[in-house]
Amino acid sequence: MSPSATIHALSPPINSQHTAENQGHSHNNADSGSNSHANARQNSTVLEPTIESFALPSRLPKNLVDLGVDIDSQSTQVTLQYSVHICPRRMKREMRLVFPCVAGKESELVIIPTFQKTSSSMISYDAATQIEKDQRLQLFYRWGAELVSRLQKRGYWADITDPMSGMALFTTSGPSLYPDVEGAEILLRYKPFNLGSCFVLAHPSWGTNIYPATAFTLAPPEQVIEVLDQMRSNTV
């Protein structure tokens, strides 16, 4: 399995609107734009970022087994930060290009960004960091596959994107890739910084010691939160 990366290029951007200040617009216009982005985030956020530990089933979810993913992790739980968001307007066009099957249902799409706190900065390239990236990837696969499986059993479409590629893992991928970095910038207002030709995501508390990954579903937000609560206690 190839090591995953926390560094993602932001190309193409999701309707980027962040050029006002750089184009010499007035401070009033910049403040107005900032307030509108903050209001948009508030309106789309159903559950603010929460840090919880989730019990992981001893057996891999069938959808992950069917995919043939090599999972070595024997961990019984994963601790991560997650939040729940209704897809905001500026992301709708991109979402139907990432997941063609949600076309026409973008307003129902729920996005669940997650972050695992890591021991080392994910912008490092030493052997220990690469090993940790693979471990975090496998933990997300297990957590995400369980979430998808439980939501599908309730009759709802759900998927996760592969943090290594940005492609849908369980359903058909479209022509676009999902950028975890830009998704966190839009949904959570986390600020990326430029590192060469790529942008790196910085968590407000954990800096670059993070492993970001994202889940998606057409289930109502209350159903998503209920399933997440069941997963935390490892109940059906």
Side-chain angles (χ1 to χ4, degrees), residues 1-19 21-22 34 37 41 45 48-54 56 69-73 75 77-83 85 90-91 94-95 98 111-145 159-169 173 176-216:
M1 178 181 298
S2 302
S4 56
T6 306
I7 304 173
H8 297 260
L10 300 187
S11 175
I14 302 176
N15 274 338
S16 180
Q17 302 278 333
H18 297 293
T19 58
E21 292 182 356
N22 294 331
S34 176
H37 289 327
R41 182 203 161 227
T45 300
E48 292 287 345
T50 304
I51 301 172
E52 298 285 359
S53 292
F54 290 82
L56 295 173
V69 176
D70 182 20
I71 299 292
D72 297 325
S73 172
S75 299
Q77 69 173 28
V78 59
T79 300
L80 48 75
Q81 174 192 295
Y82 67 95
S83 52
H85 309 262
R90 62 182 298 200
M91 293 180 69
E94 190 72 14
M95 288 300 93
V98 176
I111 306 174
I112 308 149
T114 74
F115 300 87
Q116 296 179 65
K117 185 178 182 181
T118 58
S119 300
S120 55
S121 171
M122 292 290 101
I123 63 175
S124 301
Y125 291 97
D126 57 87
T129 300
Q130 299 303 323
I131 291 172
E132 184 174 15
K133 286 179 181 179
D134 282 346
Q135 292 172 340
R136 300 296 179 175
L137 172 65
Q138 292 187 15
L139 288 173
F140 173 70
Y141 275 164
R142 291 177 62 189
W143 179 88
D159 204 347
I160 59 177
T161 46
D162 187 335
M164 296 187 296
S165 66
M167 297 177 66
L169 200 64
S173 290
S176 290
L177 307 176
Y178 182 75
D180 291 297
V181 169
E182 194 172 358
E185 183 184 10
I186 294 171
L187 297 171
L188 295 163
R189 309 305 302 153
Y190 289 176
K191 296 299 183 184
F193 62 92
N194 191 288
L195 185 67
S197 61
C198 298
F199 283 86
V200 178
L201 185 63
H203 188 280
S205 299
W206 302 336
T208 57
N209 287 44
I210 53 170
Y211 193 89
T214 312
F216 309 82

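Residue numbers run from 1 in the order of the sequence given. Note that the structure is a prediction, hence the values are computed from the model and not measured.
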**Q** Between F115 and Y190, how do the two ring planes meet: parallel, tilted or perpendicular, split at 30° and 60°?
**A** tilted

**Q** Please round to the nearest 0.5 Å and tell me the distance separating atom OG1 of T208 and atom CD1 of I123.
**A** 4.5 Å

**Q** For the backbone of A168 and the side chain of S173, can you confirm whether one donor and one acceptor N or O come within less than 3.5 Å of each other?
**A** yes

**Q** Working note: L137 + D162, criterion side chain to side chain contact (heavy atoms under 4.5 Å, CB included); need CA distance, chi angles, decisive distance, verdict.
**A** CA-CA 9 Å; L137 172 65; D162 187 335; 4.2 Å; yes

**Q** Determine the sole option in V200, T129, L201, I210 for which the side chain to side chain contact (heavy atoms under 4.5 Å, CB included) test with M122 is passed.
**A** T129

**Q** Stepwise, does the side chain to side chain contact (heavy atoms under 4.5 Å, CB included) test hold for Q116 with T114?
**A** CA-CA 7 Å; Q116 296 179 65; T114 74; 5.8 Å; no

**Q** Please report the closest heavy-atom contact between L177 and S165, naming both atoms and the distance.
**A** CD1-O, 3.3 Å

**Q** Carefully, step by step, assess Y178 and I111 under the rule side chain to side chain contact (heavy atoms under 4.5 Å, CB included).
**A** CA-CA 11 Å; Y178 182 75; I111 306 174; 4.1 Å; yes

**Q** Sub-3.5 Å donor-acceptor pair from the side chain of E132 to the main-chain atoms of T118, do we have one?
**A** no

**Q** Once you round to the nearest 0.5 Å, how far does CD1 of I131 lie from OG of S120?
**A** 10.0 Å

**Q** On a heavy-atom basis, which atom in L56 and which in S75 lie closest, and how many Å separate them?
**A** CD1-O, 3.9 Å

**Q** First locate atom CG of L169, then atom CE of M164, and finally report the distance between them rounded to the nearest 0.5 Å.
**A** 8.5 Å

**Q** Under 3.5 Å, is there a donor-acceptor pair between the side chain of T50 and the main chain of E48?
**A** yes

**Q** Could you give me the CA-CA distance, side-chain angles and deciding distance for Q81 and I51, then say whether side chain to side chain contact (heavy atoms under 4.5 Å, CB included) is met?
**A** CA-CA 4 Å; Q81 174 192 295; I51 301 172; 3.9 Å; yes

**Q** When rounded to the nearest 0.5 angstrom, what distance separates OH in Y211 from CG in L139?
**A** 10.0 Å

**Q** Restricting to non-hydrogen atoms, name the atom on T45 and the atom on L187 that form the minimum distance, rounded to 0.1 Å.
**A** OG1-O, 4.1 Å

**Q** Which atoms form the tightest heavy-atom contact between H203 and W206, and what is the distance?
**A** ND1-N, 3.1 Å

**Q** Assess K133 against F140: is NZ or CZ under 6.0 Å from the centre of the six-membered ring, and within 45 degrees of the ring's axis?
**A** no

**Q** To the nearest 0.5 Å, what is the distance between CD (Q135) and CD (Q138)?
**A** 7.5 Å

**Q** Between the main-chain N or O of D180 and the side-chain N or O of T214, is there a donor-acceptor pair closer than 3.5 Å?
**A** no

**Q** So which atom in P113 and which in L188 form the shortest heavy-atom distance, rounded to 0.1 Å?
**A** CG-CD1, 4.1 Å

**Q** For Q130 versus S124, what's the shortest heavy-atom pair and its separation?
**A** NE2-O, 3.7 Å

**Q** State the CZ-CD1 distance between R90 and I186, to the nearest 0.5 angstrom.
**A** 4.0 Å

**Q** Are the side chain of N209 and the backbone N or O of K117 linked by a donor-acceptor pair below 3.5 Å?
**A** no

**Q** Under 3.5 Å, is there a donor-acceptor pair between the side chain of R142 and the main chain of V78?
**A** no

